[in-house]
Amino acid sequence: MPQIRQLHHAITDWFAQNGRDLPWRHPEASAWSVMVSEFMLQQTPVVRVLPVWEEWMQRWPTPADLAAEPAGEALRAWGRLGYPRRALRLHAAATRIVEEHDGAVPRTPDELLALPGVGTYTAAAVACFAFNQPEVVVDTNIRRVHARLFTGRALPEPSYTAAEARLAADLMPDDDALACRWNAAVMELGALVCTARSPKCDACPVAASCAWIAAGQPAPHYTPKGQPWAGTDRQVRGAFMAALRDAEAPVPREALLRADVVQSTGAPEEQRLRCLGSLLADGLAHEGPTGVSLPH
DNA sequence: TACCCGTGGGA
DNA sequence: TTCCCAAGGGT
């Protein structure tokens, strides 16, 4: 294995040449805009996030701007990014930032962690990418790069281990100025080159020291499937949310249960009732005297 | 810990 | 077509 410093240089140099020009990476990007991007990027590809992020930044350039509107507006503007509870939590986080931090995104990981929708990854990412603090950032891309480069496996295990956290911490550059660039660079390498499927090892700056390549690129071992998609509550809930986003006024319950997008799932009445109930319980929908709508 | 939570695109 | 996967978080 080469010296760690050689890896730092090889990967950050590659990043300087090949990193994408994403708007939330610009020097003038606000901490809030970075935080919004991190919420949107949770389990969602960059290309789908870009147009929605641009719209949000235009409409809600500060936490106070978002907090001043009903949560339903955040849900509607979330569009089809998926996992709409992220929009609900982002709105709640904005409200908390206004109430408890004078409208400014907090800069310590502990304060960030206390916000709804912010977990270990997002807290470290905002501290690092918005405030240039040398936090250890570990996402799915970084885990995969580490697995291949050092462990020789095609993919990391489903659960994040203490050994992985220790490795990520050990790999952090001592130089604080380099630390955040290192995090971003490894993440970008995983996103563009060291991808889950069809990795572009020919374009990899550290292929020569990759344990996975040295081992002959053994295939990943897939764990048995989770639940199928068709017929799941997630599909039915998504259909309800699509109907509510498109509605300009509260939809009578009976009409919503028979909405075209909902019917198209083929879900039986019992499941439709259960899913609508869960959306109401989650605060993703609101039921008033004239029907169901996005929350106020 | 294991499971749940949306959506769309690529192989 | 089917299946995997994408800058995770909450319970």
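Just so you know, these numbers use all the heavy atoms, side chains as well, and skip hydrogens, waters and symmetry mates. Quick note on labels: first sequence line is chain A, next is B, and so on, each numbered from 1.
Close to B:dG6, at under 4.0 Å from its OP1 or OP2, lies a side-chain N or O of A:R237. In terms of phosphate contacts, A:T122 brings a side-chain nitrogen or oxygen within less than 4.0 Å of OP1 or OP2 of C:dG9. Within the structure, a side-chain polar atom (N or O) of A:R245 is placed less than 4.0 Å from OP1 or OP2 of B:dT7. Look at A:R144 and you'll find a side-chain N or O under 4.0 angstrom from OP1 or OP2 of C:dA6. A sub-4.0 Å separation between OP1 or OP2 of C:dA7 and a side-chain N or O of A:Q42 is absent.
Looking at A:R234, its side chain has no donor and acceptor atom pair within 3.5 Å of the base of B:dT7. Scanning atom types as modelled, one donor and one acceptor separated by under 3.5 angstrom connect the side chain of A:R197 and the base of C:dC4. A donor-acceptor contact under 3.5 Å is not formed by the side chain of A:T120 with the base of C:dG9.
In this structure, A:E269 pairs ionically with A:R272, as a charged nitrogen and a carboxylate oxygen lie closer than 4.0 Å. No salt bridge links A:E111 with A:R96; every basic N to acidic carboxylate O contact stays at or beyond 4.0 Å.
C:dG8 atom P lies 12 Å from atom CH2 of A:W78, rounded to whole Å. Rounding to whole angstrom units, CZ of residue A:R86 and P of B:dG6 are separated by 10 Å. A straight line from CZ of A:R85 to C1' of C:dG9 spans 9 Å, rounded to a whole angstrom. Here B:dG8 presents its P atom at 10 Å from CG of A:L81, a figure rounded to the nearest Å. If you take CG of A:L88 and C1' of B:dC5, they are 13 Å apart, rounded to a whole angstrom. Straight-line distance from the CE atom of A:M187 to the P atom of C:dG8: 8 Å, rounded to whole Å. Distance A:R89 CZ to B:dC5 C1': 8 Å, rounded to the nearest Å. Note: CG (A:N141) to C1' (C:dA6) measures 8 Å, nearest angstrom.
Among the protein residues, A:S37 comes within range of no part of the nucleic acid, since none of its heavy atoms lies under 4.0 Å from any strand. Across all strands shown, A:V49 has no heavy atoms under 4.0 Å from either base or sugar-phosphate atoms. Counting non-hydrogen atoms under 4.0 angstrom, A:W24 reaches a base of the nucleic acid. If you check every strand for non-hydrogen atoms under 4.0 Å, A:G82 touches a base. Residue-level contact check: A:A196 touches the backbone only, with heavy atoms under 4.0 Å from sugar-phosphate atoms and none from bases. Within the 4.0 angstrom heavy-atom criterion, only backbone atoms of the sugar-phosphate kind lie near A:L155; the bases stay farther away.
Residues A:P116 and A:A191 both approach DNA chain C. Their nearest nucleotides, taken by heavy-atom distance, put A:A191 toward the 5′ side. With DNA chain B read from its 5' end, the first of the two nearest nucleotides for A:M241 and A:S159 is the one closest to A:S159.
Out of C:dA6, B:dG8, B:dG6, the shortest distance to the side chain of A:P45 is found at C:dA6.
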Listed pairs under 3.5 Å, donor-acceptor, residues 119-129 of chain A side chains, sequence neighbours left out:
| from | atom 1 | to | atom 2 | distance (Å) |
| --- | --- | --- | --- | --- |
| A:Y121 | OH | A:E38 | OE1 | 2.7 |
| A:T122 | OG1 | A:Q42 | NE2 | 3.0 |

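Of the possible donor and acceptor atoms, one in the side chain of A:W56 sits under 3.5 Å from a partner among the backbone N and O of A:A77.
For A:D170, the CG atom counts as densely surrounded, since its 6.0 Å shell holds more than 12 non-hydrogen atoms of other residues, nucleotides or ligands. Taking a 6.0 Å sphere around CD of A:E248, one finds it holds 12 or fewer heavy atoms contributed by other residues, nucleotides or ligands.
When the P atom is used for both C:dA7 and B:dC5, the distance is 22 Å, rounded to whole Å.
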